[in-house]
Number of protein chains: 2
Amino acid sequence: MISLEQQKAPNPEDFPPDLEGLRMTKQRREVLAVILAERDHPTANDVFSRAQTRMPSISLATVYNCLEALVSHRLVRQVNFERESSRYCPNLADHCHFQDEASGKIHDVNFKKGVKLEDILELPQGTEISHLEISLKGNFGK
Amino acid sequence: MISLEQQKAPNPEDFPPDLEGLRMTKQRREVLAVILAERDHPTANDVFSRAQTRMPSISLATVYNCLEALVSHRLVRQVNFERESSRYCPNLADHCHFQDEASGKIHDVNFKKGVKLEDILELPQGTEISHLEISLKGNFGK
DNA sequence: AGTGTAATCTGGAATTATTCTAATTCCGGC
DNA sequence: GCCGGAATTAGAATAATTCCAGATTACACT
Ligand SMILES: [Mn+2]
Ligand SMILES: [Mn+2]
Ligand SMILES: [Zn+2]
Ligand SMILES: [Zn+2]
């Protein structure tokens with residue numbers, strides 16, 4: 001498991017051949033390394049450009065394939081803001097996203113301790129949540 | 001203001017000439033009436049088909065224009081689920097959306113009384129939220 | 001090492017929701 | 001009734017993503 005505290009860019013070669021049941025190909029390693037290297041929520045195109053610097057032959061279709069594989073194996077999170085292009089996030093902790101309207105930057109926002117969604121939403125008995133996305137926009141303080 | 005409890009489809013002619021500062025044209029009335037008539041979160045295309053039954057000359061571009069006008073004047077809410085096409089909702093109360101994976105249906109979900117977002121999220125001092133979207137998927141109970 | 005097989009990768013075409021454009025029509029005020 | 005701006009329209013354009021079909025690679029077994 002890759003720590004989020006990790007500061008320097010991970011070396012793609014360091015990933016085991018099989019992560020969470022996903023066979024790690026050269027391209028998947030590179031895409032994952034790109035996403036872990038910076039926590040700026042890049043788009044597929046951003047990932048493509050960055051991956052190309054070390055792997056000039058990678059194709060955009062492959063980046064999409066890898067992202068889909070990584071997301072479905074829960075190694076990366078897909079982040080959506082309204083109808084903008086999807087972004088990708090290496091933070092696997094429960095969190096949501098805030099886009100600062102002035103800078104365009106997307107910030108991770110954690111839930112306060114002990115908060116459960118069932119506590120704040122009027123969900124009928126027996127509801128099971130399989131997917132949740134919370135997206136905020138505005139002026140991010142500090 | 002149009003009540004949400006309203007059961008029968010509203011007559012487009014009943015809307016005043018100016019709603020929330022938005023000039024109500026024939027097409028905008030029709031689009032709004034379509035959205036108020038059923039609470040099923042139709043897509044732009046759904047709205048287009050329905051509007052055509054009473055107004056065969058309306059164009060899809062106009063439906064998009066009207067939706068954008070209605071949304072930006074807060075008469076209608078735009079609802080997004082991941083990368084699916086946008087849907088439109090007449091419920092102006094604070095609420096979020098739950099898509100039942102079995103039926104595909106989208107349900108409105110209210111917040112419990114007295115819940116404030118600041119209570120559950122770790123937002124830095126001075127943050128101002130201008131837009132918020134919460135989308136859930138799973139098995140909707142009941 | 002060599003072979004078979006399935007998975008993956010690739011470049012380009014296709015898809016599709018949405019936006020843009022430019023011409024026409026409409027509307028409220030004079 | 002006329003003017004000017006706003007709205008509508010059909011169709012073209014855009015852009016993110018997905019699909020496709022052939023080439024490449026990786027793994028399993030000999
Ligand atoms: Mn700010
Ligand atoms: Mn159900
Ligand atoms: Zn994140
Ligand atoms: Zn709704």
Side-chain angles (χ1 to χ4, degrees), chain A residues 12-13 15-34 41-52 54-73 75-76 78-88 104 106 135, chain B residues 12-13 15-34 41-52 54-73 75-76 78-88 104 106 135:
Chain A
E13 320 244 322
F15 300 126
D18 190 287
L19 255 187
E20 307 277 318
L22 178 66
R23 184 172 141 194
M24 288 312 275
T25 66
K26 216 158 72 77
Q27 288 84 353
R28 285 173 186 166
R29 279 169 214 279
E30 184 56 40
V31 166
L32 180 53
V34 162
H41 302 88
T43 64
N45 239 305
D46 295 335
V47 173
F48 178 48
S49 316
R50 295 177 198 176
Q52 276 187 308
R54 294 161 87 181
M55 189 182 277
S57 65
I58 198 171
S59 75
L60 179 57
T62 295
V63 169
Y64 273 104
N65 290 341
C66 293
L67 289 171
E68 132 77 14
L70 293 167
V71 167
S72 69
H73 285 73
L75 295 165
V76 161
Q78 185 168 11
V79 175
N80 297 294
F81 273 91
E82 322 214 321
R83 308 215 51 72
E84 298 173 28
S85 39
S86 286
R87 297 171 174 277
Y88 297 87
I106 290 170
S135 308
Chain B
E13 320 246 321
F15 300 125
D18 190 286
L19 254 188
E20 307 277 317
L22 178 67
R23 183 173 141 195
M24 289 311 276
T25 66
K26 216 159 70 81
Q27 289 84 351
R28 285 173 185 167
R29 280 169 214 278
E30 183 56 41
V31 166
L32 180 53
V34 162
H41 302 90
T43 64
N45 238 302
D46 295 335
V47 173
F48 178 48
S49 315
R50 295 177 199 175
Q52 277 188 308
R54 290 162 89 181
M55 188 182 277
S57 65
I58 197 171
S59 75
L60 179 57
T62 295
V63 170
Y64 273 103
N65 290 341
C66 293
L67 289 170
E68 132 77 14
L70 293 167
V71 167
S72 69
H73 285 74
L75 295 166
V76 160
Q78 186 168 12
V79 174
N80 297 294
F81 273 91
E82 321 214 326
R83 308 214 51 71
E84 298 173 26
S85 38
S86 285
R87 296 172 173 277
Y88 297 87
I106 291 171
S135 307

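Every value quoted in this text rests on a predicted model; they were computed, and no experiment measured them. Throughout, protein chains are lettered first and strands after them, A, B, ... in sequence-line order, and every chain is numbered starting at 1.
A close approach under 4.0 Å does occur between a side-chain nitrogen or oxygen of A:Y64 and OP1 or OP2 of D:dT17. Of the side-chain N and O atoms in B:S59, one or more sit less than 4.0 angstrom from OP1 or OP2 of D:dT9. Applying the 4.0 Å criterion to OP1 and OP2 of C:dT10, one finds that A:Q27 has a side-chain N or O inside that range. Residue B:S86 places at least one side-chain N or O closer than 4.0 Å to OP1 or OP2 of C:dT18. B:T25 has a side-chain polar atom (N or O) that falls below the 4.0 Å cut-off from OP1 or OP2 of D:dT8.
Within the nucleic acid shown, B:T62 comes within 4.0 Å of at least one base atom, counting heavy atoms only.
Atom pair A:D46:CG and D:dA15:P shows a separation of 15 Å (rounding to whole Å applied). For the pair B:E82 CD and D:dT18 P, the interatomic distance rounds to 11 Å; values are reported in whole Å. The nearest whole Å value for the distance from the CZ atom in A:R83 to the C1' atom in C:dT19 is 12 Å. Look at CE on A:M24: it is 18 Å from P on C:dA7, rounded to the nearest Å. Atom-to-atom, CG of B:L67 to C1' of C:dT19 comes out at 13 Å; the value is rounded to the nearest Å. Protein atom CZ of B:R23 is 5 Å distant from nucleotide atom C1' of D:dA6, rounded to whole Å. Note: CD (B:E84) to P (D:dT17) measures 14 Å, nearest angstrom. Between the P atom of D:dT18 and the CG atom of A:N65 lies a distance of 9 Å, rounded to the nearest Å.
Taking for each of A:A61 and B:R28 the nucleotide of DNA chain D with the nearest heavy atom, the 5'-most of the two is the partner of B:R28. Projected onto DNA chain D by closest heavy-atom contact, A:E68 and B:C66 fall at different nucleotides, the more 5' of which corresponds to B:C66.
With values rounded to the nearest 0.5 angstrom, A:H73 atom NE2 is found 9.0 Å from A:E68 atom CD. Rounded to the nearest 0.5 Å, atoms CG (A:N80) and CZ (B:R83) are 5.5 Å apart. Rounding to the nearest 0.5 angstrom, the gap separating the CD atom in B:E82 from the OG atom in A:S86 is 8.5 Å. Put simply, CG on B:N65 and OG1 on B:T25 are 10.0 Å apart, with the number rounded to the nearest 0.5 Å.
Put simply, the side chain of B:Y88 does not reach to within 4.5 Å of the side chain of B:V79, judged on heavy atoms.
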